[in-house]
Amino acid sequence: MPDHAPQPVDRQLPTDEARDLISLVRDIAQREIAPKAAEEEDAGRFPREVFALLSESGLLGLPYSAEHGGGDQPYEVYLQVLEELAAARLTVGLGASVHTLSCHALASYGTKEQQAEHLPAMLGGGLLGAYCLSEPASGSDAASLSTKAVRDGEDWVLTGTKAWITHGGIADFYTVMARTGEDGPRGITAFLAPGDAAGLNASAPERKMGMKGSPTAQVNFDGVRLAAGRRIGEEGQGFAIALSALDSGRLGIAACAIGLAQAALDEAVAYATGRRQFGRPISDFQGLRFLLADMATQIEAGRALYLAAARLRDAGQPFAKQAAMAKLLCTDAAMKVTTDAVQVLGGYGYTADFPVERYMREAKVLQIVEGTNQIQRMVIARHLAGPETR
């Protein structure tokens, strides 16, 4: 073991409860997640039993009200939990973020009756959620989605296909945005669909560069019938609900990106302080020391930005611009840090014997999901200079 082995992140947490929570997460990560990560990612295996454990431990509903089984934790704490999970295995950290995203519509816009009926199982009952906004022909331009929901008596009938759905085919419930009215954002409504609904099925999972253990698939709605009580919010409110969820979800992606980058830095530091060339550790060489210093600085900057955005959210202040900035900066940093980690390890970094090549492959998707980084720049620019002229 090198003399300067990486130490756990020194976190500034607001309460003793939060510190105990991080200790619990680190224990689960070290015992149940990290030891199996490489093997299970290589095999493309989704760790459903880990998510069951996270649910039992109260870790899948952290930012939601305790009234319905949530953890009543501020986003400042919840995001640091995600970071710890993602550092152990991105499939788990990102999966927890997506599950939280899928609960947002009901937790924030559902009626008290809907929340009492569904949220306890969603937040702490072992269920796993998915979020359905994108479609094969509607990605960044989400307002042009074409999945339809049509009234039939007291019910709604959903028909269409959603694409790029994390947990597609294995989720227990799906938060779905569907068109109920006119073209554009005002004609979209949110629904909560059970995973075992008749007519709901998933295509074969996508074959991806990374995160092979996390299934991503198209989800097909072939005349899926939902009771009226499965509509979330008002008719036509779905796009606003979707954007609200994405503002918070982008912070989840930012935290996961920093967790992944931290894992890559830790691996690079451990290797550099243990590997000897020319009679001394390669960490003695200035070129490599500067590389490690730059990696660490990018991680600290990203962590500070996502936490600043989270604190705005916790205070009830606008945070959409800062969420976009955090998602942009943190995911770009993750791509750069993981690439540099491969360079630190040299030829070994390019092999599957060390995890940094997997980290590098996984980092790429974080620049794409929940709004590409080009979309984040558009969001930030609109806050600075107003909407684009047409």
Centre of F319's six-membered ring, under 6.0 Å away, within 45 degrees of the axis: is that where NZ or CZ of R311 sits?
no

Any sub-3.5 Å donor-acceptor pair from S214's side-chain atoms to M211's backbone N or O?
no

Following the transitive rule for hydrophobic clusters with a side-chain heavy-atom cut-off under 4.5 Å over Ile, Leu, Val, Met, Phe, Trp and Tyr, establish whether F290 and L292 coincide in one cluster.
no

Where do V369 and V98 land on the side-chain contact (heavy atoms from CB on, under 4.5 Å) test, with the steps shown first?
CA-CA 11 Å; V369 296; V98 167; over 6 Å; no

Taking R186 for the side chain and G236 for the main chain, is one N or O donor matched with an acceptor at less than 3.5 Å?
no

Gap separating the CG atom of L251 from the CG atom of L101, nearest 0.5 angstrom:
11.5 Å

Just so I know, are the side chains of T15 and D20 near enough to count as touching, which here means a heavy-atom distance under 4.5 Å?
no

Go through L90 and L366 one step at a time and tell me if the side-chain contact (heavy atoms from CB on, under 4.5 Å) criterion holds.
CA-CA 10 Å; L90 185 59; L366 299 175; 4.2 Å; yes

Main-chain N/O of K321 paired to R382 side chain as donor or acceptor, under 3.5 Å:
no

What I want to check is whether the side chains of E370 and Y131 have a donor and an acceptor closer together than 3.5 Å.
no

Evaluate whether atom CZ of R207 has more than 12 neighbouring non-hydrogen atoms of other residues, nucleotides or ligands under 6.0 angstrom away.
no

Would you find a donor on one side and an acceptor on the other, under 3.5 Å apart, between the side chain of S97 and the backbone of G93?
no

Is the side chain of Y64 donor-acceptor paired with the backbone N or O of H104 at a distance under 3.5 Å, no angle test?
yes

Pairwise side-chain contact, F221 with L200, heavy-atom cut-off 4.5 Å (strictly under):
yes

Among Q374, R250, Q376, find the residue that satisfies the side-chain contact (heavy atoms from CB on, under 4.5 Å) test when tested with L328.
Q376

May I ask you to check whether over 12 heavy atoms, not counting those of E154, lie within 6.0 Å of atom CD?
no

CD on E41 to NZ on K212, rounded to 0.5 Å
9.0 Å

Are L133 and L246 packed together at the side-chain level, in the sense that at least one heavy-atom pair is separated by less than 4.5 angstrom?
yes

For the backbone of D294 and the side chain of Q298, can you confirm whether one donor and one acceptor N or O come within less than 3.5 Å of each other?
yes

If we only count heavy atoms from C-beta on, is the F173 to L106 side-chain gap below 4.5 Å?
no

Of all heavy-atom pairs between A323 and A309, which one has the smallest distance, and what is that distance?
N-CB, 4.2 Å

Reported CG-to-CG distance for the pair L123 and L60, which is rounded to 0.5 angstrom
9.0 Å

Stepwise side-chain contact (heavy atoms from CB on, under 4.5 Å) test for V365 and T216
CA-CA 12 Å; V365 76; T216 304; over 6 Å; no

Close side-chain approach of Q114 and L192, heavy atoms under 4.5 Å:
no

Minimum heavy-atom separation for A263 to A87, with atom names?
CB-O, 3.5 Å

If you take all heavy atoms of A255 and L79, which pair is closest and at what distance?
CB-O, 3.3 Å

Heavy-atom pair with the smallest gap, counting every atom of G58 and L62
O-CD2, 3.3 Å

Rounded to the nearest 0.5 Å, how far does CG of N201 lie from CG of D196?
13.0 Å

Using the rule that Ile, Leu, Val, Met, Phe, Trp and Tyr join whenever any side-chain heavy atoms are under 4.5 Å apart, tell me whether V356 and M335 fall into a single cluster.
yes

Is there a path of hydrophobic side-chain contacts, each under 4.5 Å between heavy atoms of I/L/V/M/F/W/Y residues, joining V344 to L260?
yes

Q262 and D266 side chains, donor-acceptor separation under 3.5 Å:
yes

Do H167 and Y174 have side chains that get closer than 4.5 Å, going by heavy atoms?
no

If a pair satisfies side chain to side chain donor-acceptor pair (under 3.5 Å) and one of its residues is in residues 227-237, list it, with sequence neighbours excluded.
R151-E235

Check the pair E39, K36 against salt bridge (Lys or Arg N to Asp or Glu O under 4.0 Å), reporting the backbone distance first and the verdict last.
CA-CA 6 Å; E39 178 183 355; K36 306 172 186 175; over 6 Å; no

Which atom pair, heavy atoms only, marks the closest approach of H383 to A320?
NE2-CB, 3.9 Å

Could you measure the distance from the CZ atom of R48 to the CG atom of L53? Nearest 0.5 Å is fine.
13.0 Å

Can you tell me if E76 uses its side chain to pair, donor with acceptor, with the backbone of L13 under 3.5 Å?
no

Report yes or no: do V92 and L128 belong to one cluster of Ile/Leu/Val/Met/Phe/Trp/Tyr joined by side chain heavy-atom distances under 4.5 Å?
yes

Would L85 and L54 count as a side-chain contact (heavy atoms from CB on, under 4.5 Å) here? Give the steps.
CA-CA 10 Å; L85 293 173; L54 295 179; 4.2 Å; yes

Closest approach of A137 to S144 (non-hydrogen atoms, all atoms of both residues)
O-OG, 4.5 Å

For the CG atom of L243 and the CE atom of M177, what is their distance to the nearest 0.5 Å?
9.0 Å

Using modelled atom types and a 3.5 Å cut-off, is there a donor and acceptor pairing between side-chain atoms of R303 and backbone atoms of Y306?
no

Sub-3.5 Å donor-acceptor pair from the side chain of S55 to the main-chain atoms of F51, do we have one?
no

With a 6.0 Å cut-off (strictly less than), is the heavy-atom count around CD of Q286, excluding the residue itself, greater than 12?
no

Can you hop from L82 to L312 via hydrophobic side chains spaced under 4.5 Å?
yes

Measure from the side-chain N and O atoms of K162 to the backbone N and O of G168, and report whether any donor-acceptor pair falls under 3.5 Å.
no

Heavy-atom check, side chain of W164 versus side chain of I368, under 4.5 Å
no

Do T189 and I241 touch side chain to side chain, with heavy atoms closer than 4.5 Å?
no

Quick test of your reading: applying side chain to side chain donor-acceptor pair (under 3.5 Å), list the pairs with at least one residue in residues 346-359, sequence neighbours left out, ordered by first then second residue.
E357-R361

